[in-house]
Amino acid sequence: MAITIATWNINSVRLRIGIVEQFLAGHAPDILCLQEIKTIEDAFPRNALIEAGYPHLAIAGQKGYHGVAIASKIPFKTVEKDDWCAMGDARHLRVRLENDVLLDNFYIPAGGDEPDPAVNPKFDHKLKFLREMVQWGEARRAQTKRAVVVGDFNVAPLEHDVWSHKKLLDVVSHTPIETDLLAEVQAAHDWVDAVRHFVPATEKLYSWWSYRAADWAAADKGRRLDHIWVTPDLKDGLVSTEILRAARGWDKPSDHVPVLLTLEV
DNA sequence: ATGGTCGCGTTGCGA
C-alpha cells in the first residue's frame with residue numbers, strides 16, 4: 001500500500017492548530033510528524049486531531065520548549081522515545097507501523113549562533129546529538145531494513161539547500177562540521193534522502209524561511225532544514241515528495257513548511 | 001556590518 005508521511009516544525013501546536021487542520025484537510029497525509037509543539041502532553045490539542053481523522057497519537061511534550069508528536073490515521077504497534085544526550089529533552093519519538101516499518105521523528109538542537117563548541121554549549125550539544133545519531137545508525141543498520149526517519153534536523157546539508165552556500169559556510173546549520181557530521185549520520189544507515197531523490201542537487205530547495213525577513217518570499221533566503229530519509233530497502237517504493245512552500249504564506253505561519261513523502265511499503 | 005521576528009511565560013531565553 002502507498003502511504004504519505006509529512007513532517008512539519010509547527011512552532012507551537014496550540015497556537016497553530018488551525019493551520020494544522022487546514023493542512024490535514026487539504027493534503028490528507030496518513031501520518032503527520034510534528035516538531036516544536038511547545039507544550040506538555042496534557043495540553044496537546046488531541047480532540048482537534050482526532051476529529052480531523054487522526055486518532056492515533058504519540059506525544060513527547062515539554063513545557064515551553066521543544067516537543068514532538070506523531071498523529072496518524074493508521075495505528076502504531078509500539079511507541080518509544082529515546083533520551084538523547086541525557087538532557088531529558090523531548091526531541092524524539094519512534095513508532096512501529098503494522099507493516100513493521102519503523103518511523104523516527106527527530107527535533108535536532110538548533111545549536112545557537114556561534115559555531116564553536118568550545119564557547120557555545122548549544123553548538124556542542126548539537127554536535128553531540130549528531131554523534132549519538134551516528135552510533136544509533138551503526139547499531140541499528142543490521143537489524144532494521146525498513147525504516148523512515150523524519151524531522152527538523154536543523155542542518156542544511158547540500159550547497160543548494162541554502163540561498164548562498166558561500167555566505168552560510170560559517171552560519172550554524174550549514175557549517176562544514178555540521179554538514180560532515182550529518183553525512184556521517186546518513187552513511188551510518190545508508191539513508192536515502194527521499195526529497196533529493198526527486199529534486200536534483202543543483203536545484204535550490206528550502207523548507208524554512210526566517211521570521212526576520214521583511215518579505216520572506218521576495219528575499220527567498222531559505223534553508224532546507226527539514227528532512228525525510230528512508231532505508232535502501234524502501235528506495236524502490238518512493239513515489240513522490242512535496243515541500244509545501246505555500247504554507248509559509250498562510251495566516252500566522254510557522255517559519256517551517258510541511259515536507260511530504262508518498263511511498264509504497 | 002548590523003539587526004531584523006517569533007512563542008512561551010514572564011519581561012529572559014531559545015530559535
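In what follows, every chain begins at residue 1, and chains take the letters A, B, ... in the order their sequences are listed. Side-chain atoms are counted along with the backbone in the values below, which use heavy atoms only and exclude waters and symmetry mates.
Distance from the side chain of A:Arg212 is smallest for B:dG4 among the nucleotides B:dC6, B:dG9, B:dG4. With B:dC8, B:dG14, B:dT5 as the choices, the nucleotide that has an atom nearest any side-chain atom of A:Lys122 turns out to be B:dG14. Closest to the A:Leu15 side chain, of the nucleotides B:dA15, B:dG9, B:dG7, is B:dG7. Listed candidates were B:dT5, B:dC8, B:dG14. Nearest to the side chain of A:Tyr65 is B:dG14.
Between B:dG9 and B:dT5, the two P atoms lie 22 Å apart (nearest whole Å). Only the P atoms considered, B:dC8 is 31 Å distant from B:dT2, to the nearest whole Å. Rounded to a whole angstrom, the distance from the P atom of B:dA1 to that of B:dG12 is 30 Å. Rounded to a whole angstrom, the distance from the C1' atom of B:dT11 to that of B:dG7 is 13 Å. B:dG14 and B:dT10 are spaced 14 Å apart, taking the C1' atom of each and rounding to whole Å.
A sub-4.0 Å separation between OP1 or OP2 of B:dG7 and a side-chain N or O of A:Arg16 is present. For B:dA15, the OP1/OP2 oxygens have no side-chain nitrogen or oxygen of A:Arg223 closer than 4.0 Å. Residue A:Ser210 places no side-chain N or O under 4.0 Å from the OP1 or OP2 atom of B:dT5. Proximity of A:Lys63 to the phosphate of B:dC8: no side-chain N or O atom is located under 4.0 Å from OP1 or OP2.
With rounding to whole Å, A:Trp208 atom CH2 is found 11 Å from B:dT5 atom C1'. Following rounding to the nearest Å, A:Lys221 (NZ) and B:dG3 (P) show an atom-to-atom distance of 16 Å. Nucleotide B:dA15 holds its C1' atom 15 Å from the CD1 atom of A:Ile108, rounded to whole Å. Distance CD1 (A:Ile37) to P (B:dA15): 15 Å, rounded to an integer number of Å. Put simply, NZ on A:Lys38 is 11 Å from C1' on B:dG9, counting in whole angstrom units. One can place NZ of A:Lys167 at 13 Å from C1' of B:dA1, the figure rounded to the nearest angstrom. Distance CZ (A:Phe123) to P (B:dG14): 17 Å, rounded to an integer number of Å. The distance from atom CG of A:Asp215 to atom P of B:dG4 is 18 Å, rounded to the nearest whole Å.
Side chains of A:Gln35 and A:Thr7: a donor-acceptor N/O pair is present below 3.5 angstrom, by distance only. Of the N and O atoms on the side chains of A:Tyr54 and A:Asp30, not one donor lies less than 3.5 Å from an acceptor on the other residue.
Both A:Pro253 and A:His66 sit near DNA chain B, but only A:Pro253 has its closest nucleotide nearer the 5' end. Position along DNA chain B of the nearest nucleotide to A:Glu36 versus A:Ala213 favours A:Ala213 as the more 5'-ward residue.
In this structure, the ring of A:Trp84 has its center less than 6.0 angstrom from the ring center of A:His92.
Clustering of Ile, Leu, Val, Met, Phe, Trp and Tyr by side-chain heavy atoms under 4.5 Å joins A:Leu169 with none of the others.
For the salt bridge (charged side-chain N to carboxylate O under 4.0 Å, His left out) test with A:Lys126, the passing option among A:Glu178, A:Glu132, A:Glu114 is A:Glu178; the others fail.
Across all strands shown, A:Arg248 has no heavy atoms under 4.0 Å from either base or sugar-phosphate atoms.
Side-chain contact between A:Phe23 and A:Leu32 is present, with at least one heavy-atom pair separated by less than 4.5 Å.
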